[in-house]
Amino acid sequence: MSFLAPHYLFAFLLVLPLIAVFLLKVRPHRKFTSQFFLWEQAFKEKRSTALFKRLRDIFSLLILLLALTALVLAISRPRLFSHQDKDLLLVLDVSASMGEDYRGSSRLDLAKAEARARIRSLGMDQSAILATLAKDLRLVVHRSTYPQDLLDGLADLRPQYEPLNAKHLSDMVSQPNFADHFQMVLISDGCLDPATLPPACELMSVGEGSNNCGITAFDIAWIPGLPHQAEIFIEWTSTFEEPVELDLRIRYGENNNLQKILTLSLEEKKQGHERIPLSKAEPGVWSLHLNDEQGMQFDNTVYAVLRDRKPVRVAIQGGGAALLETCVKAFSHTEPGIILDTANPEVLIYPSLAGLAPESVDHTPTIVFNPQGSSPLWTATGTERIEARVVIPRIKDHPYLRYLEVGSLEMGGVLPLKAPEHAVVILKTPEGIPLLYSLQAGEREYCVVNADPAASELFLSTSFPILVYTLARHHAKRTVLVPPYWTPSEEHLWASQAPFWKTQAGSIFSTQDLFAQGGAHPGLYIPLSEAKLTGTIPGGESAVSFMQASESRDIQQPSTNFSPSASFWSLERILLWSGLILLLAEAIFYHRRWVG
Amino acid sequence: MSLTEPRFLSCLESLYLLARKVIGGELAADRRSHKRGSGIHFADYAEYQFGDDYRQIDWKIYARLETLVLKLYELEEDVSIHILLDISSSMEAKFLYARQLAAALGYIALSNQDRLTMYGLADGLSPLMETSHGKGAIMKLLHTLEVAQCTGKATRFKESVQNFCVRHTKPSVVVVISDFFFPTGYQEGLHLLRSARNEVYCIQVLDPSELGCDHHGDVEFECVESGATKLLTLGPEERQRFAQIVENWNRELASCCARYELGFQQALSSIPFEQVIQHLLRRGGLIS
């Protein structure tokens with residue numbers, strides 16, 4: 001047996017004043033009485049306890065000495081063994097499934113109760129760290145030996161609409177010497193893949209698994225070429241032991257007008273998907289509600305936005321437009337598409353151009369194929385056109401190249417030229433001749449394709465219409481496809497309204513900021529005004545949905561052999577409580593002797 | 001209040017006047033006796049016998065009937081009143097009150113031309129005041145009570161009564177003023193007094209604190225007479241039990257007095273002694 005604070009043993013010197021005070025204290029009051037014989041008569045029946053009465057002063061002193069001994073030993077922090085308790089890393093699962101009700105309280109409440117018990121059972125010199133785990137591992141309370149700090153940290157925890165990512169635990173455990181100093185405990189409802197848990201992490205399960213059906217994926221899109229026809233795609237999961245049939249309600253608009261009721265047949269313990277055609281679809285917010293009252297609720301309702309059909313309007317200027325018009329028409333029935341519109345174009349395409357585009361259509365982004373002669377947009381360095389068999393991408397991830405297979409691209413009719421210094425060259429020949437570049441001239445954006453579509457049979461390549469489609473949508477600022485819904489807590493990278501290559505980066509903001517009106521909960525949201533954002537959000541209404549198959553599979557994982565390294569009833573605590581109880585007993589005893 | 005103070009004397013005089021009023025003015029120096037003697041109240045006639053006092057012959061009867069007849073008169077004799085005052089140490093707390101009671105009764109007796117004797121009860125019978133008669137002895141009575149002190153280690157009631165009965169064989173009025181907390185009991189003593197054909201009146205003087213117990217916790221009791229000690233832990237149960245024992249003791253005393261046809265009065269020292277005396281007078285028996 002050893003002591004962590006042996007200097008406190010000097011407190012045993014308190015024995016002397018204790019005895020002195022006791023002897024003064026136990027002197028009883030002396031009363032003279034003329035009825036002495038009557039008192040003797042009253043206590044005649046209690047003579048059997050006379051021996052105890054004679055010894056009770058000794059007992060009282062003995063109890064006080066024992067209490068003093070226990071308290072002094074407790075503050076001296078005795079240790080029976082020399083081993084040191086590991087510190088505790090307490091991780092609470094705050095993923096979406098922890099917000100579900102379980103017998104009147106949420107699973108997170110149960111987890112908090114377990115965490116409180118663990119915190120209260122900490123050894124007096126044992127510290128603990130409190131963290132939460134959902135999509136990320138978040139530190140709530142730093143390493144602390146004060147249980148109240150940890151308990152305060154617990155009080156503010158709320159469930160998040162996030163999936164559980166146990167990989168962070170593996171990263172934590174893999175840190176050097178972690179296992180030597182920490183005992184990691186994850187308190188969770190067990191909606192996770194146990195294989196993802198690191199061996200050093202002990203799982204403490206709360207609540208019980210339940211049968212659940214939920215929507216794990218949802219998309220809605222127009223059917224290309226068919227007006228007012230759209231299709232809904234959903235994925236579902238079921239943990240029921242038997243097949244079940246549930247109603248699926250399809251609603252539209254901000255008022256949630258019921259559009260359709262379907263009966264979904266969900267096979268037992270499986271995931272499946274369903275396609276649901278909508279014959280008279282309108283752009284706007286659509287929601288699905290799966291009528292599963294038994295299981296978890298967060299995955300029963302999902303939202304998505306069906307964007308308005310807005311094909312990019314393209315006008316082709318100049319002669320030799322047949323090849324390009326064919327390309328545009330080929331994409332007029334796609335979603336999203338491009339269409340020919342010479343009256344109100346968003347993008348101009350010149351099959352061939354010498355000099356600048358006419359001023360009458362100023363500010364309209366312009367795509368120029370087959371450059372001729374000299375121009376402010378290029379400087380010809382030769383007259384003999386060449387064929388580029390090898391094309392080298394200068395910016396590999398540029399949106400121009402999103403759908404192109406650059407390795408198989410061959411371009412003919414290439415004019416030896418030099419691009420202006422401020423131009424952004426995306427493709428070039430091995431000799432350095434720019435093949436595809438963009439630049440700003442005045443108020444207008446230009447994209448120059450240094451190739452003749454008719455040469456080298458480029459027009460026969462699948463890359464040619466794709467290139468036209470990509471360039472047209474990019475310059476119409478329709479490159480980014482706005483997702484039908486946002487996921488809570490997900491961060492998105494957006495390009496600003498200006499051409500993104502002229503900005504350092506897009507604006508980074510989270511859905512928490514984006515959907516400030518409604519927080520990060522699933523539902524329908526109206527985006528903030530553009531003025532408040534540094535970027536733009538194409539489209540109108542937006543929706544937030546939370547769908548995670550891992551959270552919907554409510555299958556309880558059994559707890560691992562969780563064994564607290566420290567017990568609440570440590571030796572010093574036992575001594576402390578013993579001392580207090582002895583003092584209390586003596587006080588009661590003494591109280592009886594004073595007040596009867 | 002001192003027993004010789006004018007205020008106290010005035011109080012005693014008031015009690016005496018009250019006594020006269022209550023008993024109808026028949027207190028003046030006479031207690032009629034069944035014995036025939038030389039009083040002034042005619043009682044009967046008797047035939048003259050040789051040796052009779054011829055001064056008692058009714059000559060008018062002789063003149064008419066020529067028969068010697070004696071006129072008999074009621075014998076007027078003084079009543080002897082003995083006050084036995086407990087002067088043991090147990091009376092310390094209520095000794096003044098007991099002396100005030102004794103003084104009041106003695107004042108009325110002396111004023112009534114009765115013969116008064118006062119004894120102290122303690123380890124034995126100790127005379128406090130020899131037999132006195134008339135109002136002239138009142139100051140002597142009060143001075144005696146004024147200087148009286150509690151003595152003795154125990155109250156030997158039975159032995160004291162035996163001693164008293166030996167001294168006074170003639171039946172008389174005996175007033176016992178005590179708390180009657182005698183460890184050896186009071187029954188035998190009272191029985192002796194009763195057997196000696198005395199008219200006995202018991203006045204139990206108690207301090208209100210003696211009816212129960214206000215102490216709590218550890219208390220070391222010491223007997224005021226014997227000096228014996230006892231360490232007790234008093235709680236509600238113990239206090240209740242003690243109060244019950246005291247109540248039983250007092251009830252038994254009253255019952256014993258009733259059984260022996262003795263007068264009994266309990267006097268708490270919290271009640272003014274005048275009220276006790278007035279109560280005694282109004283209830284009758286002791287004075288008349």
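Within every chain, numbering begins at 1; the chains are lettered A, B, ... in the order of the sequence lines, protein sequences first and strands thereafter.
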**Student:** Is the number of heavy atoms from other residues, nucleotides or ligands under 6.0 Å of B:Tyr260 OH greater than 12?
**Tutor:**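 For B:Tyr260, atom OH is crowded (more than 12 foreign heavy atoms under 6.0 Å).
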
**Student:** To the nearest 0.5 Å, what is the distance between CZ on A:Phe37 and CD1 on B:Ile245?
**Tutor:**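 The distance works out to 10.0 Å.
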
**Student:** Examine whether an atom of B:Ala228 lies under 4.5 Å from a heavy atom of chain A, and if so say whether it belongs to the side chain, the backbone or both; otherwise answer neither.
**Tutor:**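 Backbone plus side chain of B:Ala228, per the 4.5 Å heavy-atom cut-off to chain A.
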
**Student:** So does B:His191 have more than 12 non-hydrogen atoms from other groups sitting under 6.0 Å from NE2?
**Tutor:**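 12 or below, so no.
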
**Student:** Could you check whether atom CD of B:Glu130 has more than 12 heavy atoms from other residues, nucleotides or ligands sitting under 6.0 Å from it?
**Tutor:**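 No - once you tally the heavy atoms of other residues, nucleotides and ligands closer than 6.0 Å, there are 12 at most.
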
**Student:** Are more than 12 heavy atoms, taken from residues, nucleotides or ligands other than B:Lys140, located less than 6.0 Å from that residue's NZ atom?
**Tutor:**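 Enclosed: over 12 neighbouring heavy atoms sit under 6.0 Å from NZ of B:Lys140.
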
**Student:** Would B:Phe242 and A:Gln35 count as a side chain to side chain contact (heavy atoms under 4.5 Å, CB included) here? Give the steps.
**Tutor:** CA-CA 10 Å; B:Phe242 175 74; A:Gln35 301 160 301; 3.5 Å; yes

**Student:** Contact part of B:Glu210 toward chain A, heavy-atom cut-off under 4.5 Å: side chain, backbone, both or neither?
**Tutor:**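 For B:Glu210, the contact with chain A is made by backbone and side chain together.
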
**Student:** Taking the side chain as everything from C-beta on, heavy atoms only, tell me whether A:Trp39 gets closer than 4.5 Å to B:Val246.
**Tutor:**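 Of all side-chain heavy-atom pairs linking B:Val246 with A:Trp39, none is under 4.5 Å.
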
**Student:** So does A:Tyr146 have more than 12 non-hydrogen atoms from other groups sitting under 6.0 Å from OH?
**Tutor:**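 No, the 6.0 Å shell around OH holds no more than 12 heavy atoms from other groups.
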
**Student:** To the nearest 0.5 Å, tell me how far B:Glu225 CD sits from A:Thr33 OG1.
**Tutor:**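 Answer rounded to 0.5 Å: 10.0 Å.
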
**Student:** Between A:Lys31 and B:Glu220, is there a side-chain N and carboxylate O pair less than 4.0 Å apart?
**Tutor:**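 Answer for the salt bridge query: no.
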
**Student:** Write down the atom of B:Glu222, the atom of A:Phe36, and the distance for their closest heavy-atom approach.
**Tutor:**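 Heavy atoms only, the tightest pair is C-CD1, 4.3 Å.
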
**Student:** Any idea which heavy atoms bring B:Val224 and A:Ser34 closest together, and the distance?
**Tutor:**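 Minimum heavy-atom contact is CG2-CA, 3.9 Å.
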
